[in-house]
S.K.: 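Sharing a structure below in structure tokens format, with a few things to ask.
Computation of the quantities below employed the complete heavy-atom set of this structure, encompassing side-chain atoms and omitting hydrogens, waters and symmetry-equivalent molecules.
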Amino acid sequence: MIQKLLKKDFLIILALSFTGFAASVRAQQPVDFKQHVSEKLAKMQKIITKNGKQTVVTGVKLSEVCDIENDPLAERVFADYGAIFVSSDVLFPTKCLFRGETEVLSYQIAARTKSVDIGGVAVELQEAAMNALIEARKEAAQKNLKITPRGGSGAAKRSYETTLRLWNSRFFPALNYWVGKGKISRRDAEAAKAMPIPQQVAQVLKWEEKSLWFSKDLSKSILYSVAAPGASQHIFMLAFDVEQFANKQVREILAKHGWFQTVKSDLPHFTYLGLEKSELSKHGLKSQFVGGQEFWIPNLDQ
């Protein structure tokens, strides 16, 4: 009788333990990124101008910011660079893809920014991002470590023209390579060169579906090498390329201060999210390891 009671108690404890474990696992599962961003936008305000009068209303649709349902390029940008949509205490990205320098300047002027000299390099970021970076650098210094910009002034804020120049540094060499290999006709190549940038990017992505890669080493998508012009997280002043990215301690310090790797395969690139690591899954981001390093990317599996 005693043995039966003990066995019954053991089974109850085991069942309760399993239930608790299952609940814990569910709690750690990332929520749907698209749904999370949509709910965040629904609480935001926008200004509508009608008949010369401005009215403030609540509720912004995802399609107004990133039309992922009708624009394949916007859908790809949302998936690859969309982590910035969960950033805290910053000017919310009004678009996922700016169409030119005018739109970029309008956003950058509206944002509260802060510029600091780091090793002779002028680094400009949104204020919250910069303050977090300063604190991370202080902690690193206490441990005899450094956090410095990789690639000069382009490590942080970038203009539309800079993102276009970087795009061209990958686009033209790769295009010439595939034409030389007979994989892309000269006629199609010339047509692509003449396309407006959004259409040009879309065409490159179509070629990449056939494994005609446009990254610098021709081994992966161009978007893992450079951002589409107007879509770089550097434009939003929420990205910083770190020289010491390979140092695990440096990555841990940056994460402690809200800086995470969010663009797969772009190892030096860190994004300011302003969140604790334990909070990321609640905001629709999931962990993925690439090259032994942890990236937090949008959870769009559902």
S.K.: Does CD in Glu279 sit with more than 12 non-hydrogen atoms of other residues, nucleotides or ligands closer than 6.0 Å?
M.R.: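 Check passes, neighbour count above 12.
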S.K.: Any donor-acceptor pair under 3.5 Å linking the side-chain atoms of Gln126 with those of Thr113?
M.R.: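 No, Gln126 and Thr113 have no side-chain donor paired with an acceptor closer than 3.5 Å.
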S.K.: If we only count heavy atoms from C-beta on, is the Phe92 to Lys40 side-chain gap below 4.5 Å?
M.R.: yes
S.K.: With no hydrogens and no angle check, just 3.5 Å: does a side-chain donor-acceptor pair link Gln244 and Thr148?
M.R.: yes
S.K.: Look only at the side chain of Ser169 and the backbone of Leu166, and say whether a donor-acceptor pair between them is shorter than 3.5 Å.
M.R.: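 Flag set: sc Ser169 to bb Leu166 pair under 3.5 Å.
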S.K.: Would you say the side chain of Ser287 lies within less than 4.5 Å of the side chain of Phe295, judging by non-hydrogen atoms?
M.R.: no
S.K.: Step by step, work out the salt bridge (charged side-chain N to carboxylate O under 4.0 Å, His left out) result for Asp71 and Arg99.
M.R.: CA-CA 14 Å; Asp71 184 347; Arg99 301 294 176 173; 3.4 Å; yes
S.K.: How about Lys146: does its NZ atom have over 12 heavy atoms from other parts shown lying under 6.0 Å from it?
M.R.: no
S.K.: Might you point out which heavy atoms bring Val90 and Ala128 nearest each other, and give the distance in Å?
M.R.: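 Heavy-atom minimum between the residues: CG1-CB, 4.4 Å.
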S.K.: Between atom CD1 of Ile84 and atom CD of Gln233, what is the distance when rounded to the nearest 0.5 Å?
M.R.: 5.5 Å
S.K.: Applying ring pair (Phe, Tyr, Trp, His ring centres under 6.0 Å) between Trp259 and each of Phe270, Tyr272, Trp296, report the one that passes.
M.R.: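 Exactly one candidate clears the test, Tyr272.
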S.K.: Show the numbers, then the answer: is there a salt bridge (charged side-chain N to carboxylate O under 4.0 Å, His left out) between Lys114 and Glu124?
M.R.: CA-CA 6 Å; Lys114 189 171 183 177; Glu124 186 175 359; over 6 Å; no
S.K.: Mind jotting down which residue pairs meet the ring pair (Phe, Tyr, Trp, His ring centres under 6.0 Å) criterion with at least one end in residues 106-134? Sequence neighbours excluded, please.
M.R.: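 Every ring pair (Phe, Tyr, Trp, His ring centres under 6.0 Å) pair that includes a residue of residues 106-134, provided the two are not neighbours, is Phe98-Tyr107, Tyr107-Phe236.
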S.K.: So that I can tick it off, tell me whether Glu39 and Lys43 are bridged by a salt bridge, with the cut-off set at under 4.0 angstrom between side-chain N and carboxylate O.
M.R.: no
S.K.: Nearest 0.5 Å, what's the CG-CG distance between Leu273 and Leu238?
M.R.: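 Nearest 0.5 Å value for the CG-CG distance: 8.5 Å.
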S.K.: Near Lys216 NZ, under 6.0 Å, is it more than 12 heavy atoms from other residues, nucleotides or ligands?
M.R.: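 Counting neighbours around NZ of Lys216, 12 or fewer heavy atoms of other residues, nucleotides or ligands fall under 6.0 Å, so no.
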S.K.: Which value, rounded to the nearest 0.5 Å, describes the distance between Ser232 atom OG and Tyr160 atom OH?
M.R.: 12.0 Å
S.K.: Show the numbers, then the answer: is there a salt bridge (charged side-chain N to carboxylate O under 4.0 Å, His left out) between Glu190 and Lys193?
M.R.: CA-CA 5 Å; Glu190 291 302 317; Lys193 291 177 185 178; 3.2 Å; yes
S.K.: Could you give all pairs that pass the salt bridge (Lys or Arg N to Asp or Glu O under 4.0 Å) test and reach residues 234-254, with sequence neighbours left out?
M.R.: Arg150-Glu243, Arg158-Asp241
S.K.: For the backbone of Phe172 and the side chain of Asn176, can you confirm whether one donor and one acceptor N or O come within less than 3.5 Å of each other?
M.R.: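 Indeed, once roles are kept as given, a pair shorter than 3.5 Å links the two residues.
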S.K.: Quick one: are Arg76 and Tyr81 in side-chain contact, heavy atoms under 4.5 Å?
M.R.: no
S.K.: As a quick check of understanding, evaluate ring pair (Phe, Tyr, Trp, His ring centres under 6.0 Å) for Phe33 and Phe78, giving each step before the final call.
M.R.: CA-CA 10 Å; Phe33 183 72; Phe78 188 70; 5.1 Å; yes
S.K.: For Ser225 and Ser215, which I'm curious about, is there any donor-acceptor pair between the side chains at under 3.5 Å?
M.R.: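 Judged by distance alone, the side chains do not pair up.
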S.K.: Can Glu69 and Lys34 be counted as an ion pair, charged N to O under 4.0 angstrom?
M.R.: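 Yes.
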S.K.: Is Glu127 salt-bridged to Arg112, cutoff N-O under 4.0 Å?
M.R.: yes
S.K.: Can you check whether Ala122's main-chain N or O pairs, donor with acceptor, with Asp117's side chain at less than 3.5 Å?
M.R.: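 No, because the side chain of Asp117 does not come within donor-acceptor range (under 3.5 Å) of the backbone of Ala122.
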S.K.: Would you call Glu209 and Lys206 a salt bridge, taking side-chain N to carboxylate O under 4.0 Å as the test?
M.R.: no
S.K.: Glu139 and Lys143: salt bridge (charged side-chain N to carboxylate O under 4.0 Å, His left out), yes or no, with the steps?
M.R.: CA-CA 7 Å; Glu139 182 173 337; Lys143 298 178 180 179; 3.4 Å; yes
S.K.: Are the side chains of Leu105 and Glu101 in contact, using a 4.5 Å heavy-atom criterion?
M.R.: yes
S.K.: For Gly284 versus Pro30, what's the shortest heavy-atom pair and its separation?
M.R.: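 What the structure gives for the nearest pair is C-CB, 4.5 Å.
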S.K.: What I'd like to find out is whether the side chain of Val31 reaches to under 4.5 Å of the side chain of Asn299, using heavy atoms alone.
M.R.: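 Heavy-atom side-chain distance check fails, nothing below 4.5 Å.
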S.K.: Got a second to check how far Lys220's NZ is from Lys264's NZ, nearest 0.5 Å?
M.R.: 11.5 Å
S.K.: Can you tell me how far the CD1 atom of Ile147 sits from the CD1 atom of Ile134, to the nearest 0.5 Å?
M.R.: 12.0 Å
S.K.: With a 4.5 Å heavy-atom cut-off, do Met195 and Gln203 have their side chains touching?
M.R.: yes
S.K.: Kindly indicate whether the side chain of Val123, heavy atoms from C-beta on, has any atom under 4.5 Å from the side chain of Met130.
M.R.: yes
S.K.: Under a 4.5 Å cut-off applied to non-hydrogen side-chain atoms, are Gln29 and Lys286 in contact?
M.R.: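 The answer is no; the side chains never approach within 4.5 Å.
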S.K.: CZ of Phe260 to CD1 of Ile297: how many Å apart, nearest 0.5 Å?
M.R.: 15.0 Å
S.K.: Could you check Ile68, Ile197, Val201 and say which one makes a side chain to side chain contact (heavy atoms under 4.5 Å, CB included) with Leu73?
M.R.: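 So, applying the side chain to side chain contact (heavy atoms under 4.5 Å, CB included) to Leu73 and each of Ile68, Ile197, Val201, only Val201 qualifies.
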S.K.: With a 3.5 Å cut-off and no angle check, do the side chains of Glu294 and Gln288 form a donor-acceptor pair?
M.R.: no
S.K.: Mark yes or no for whether His257, through its side chain, and Leu133, through its backbone, hold a donor-acceptor pair below 3.5 Å.
M.R.: no
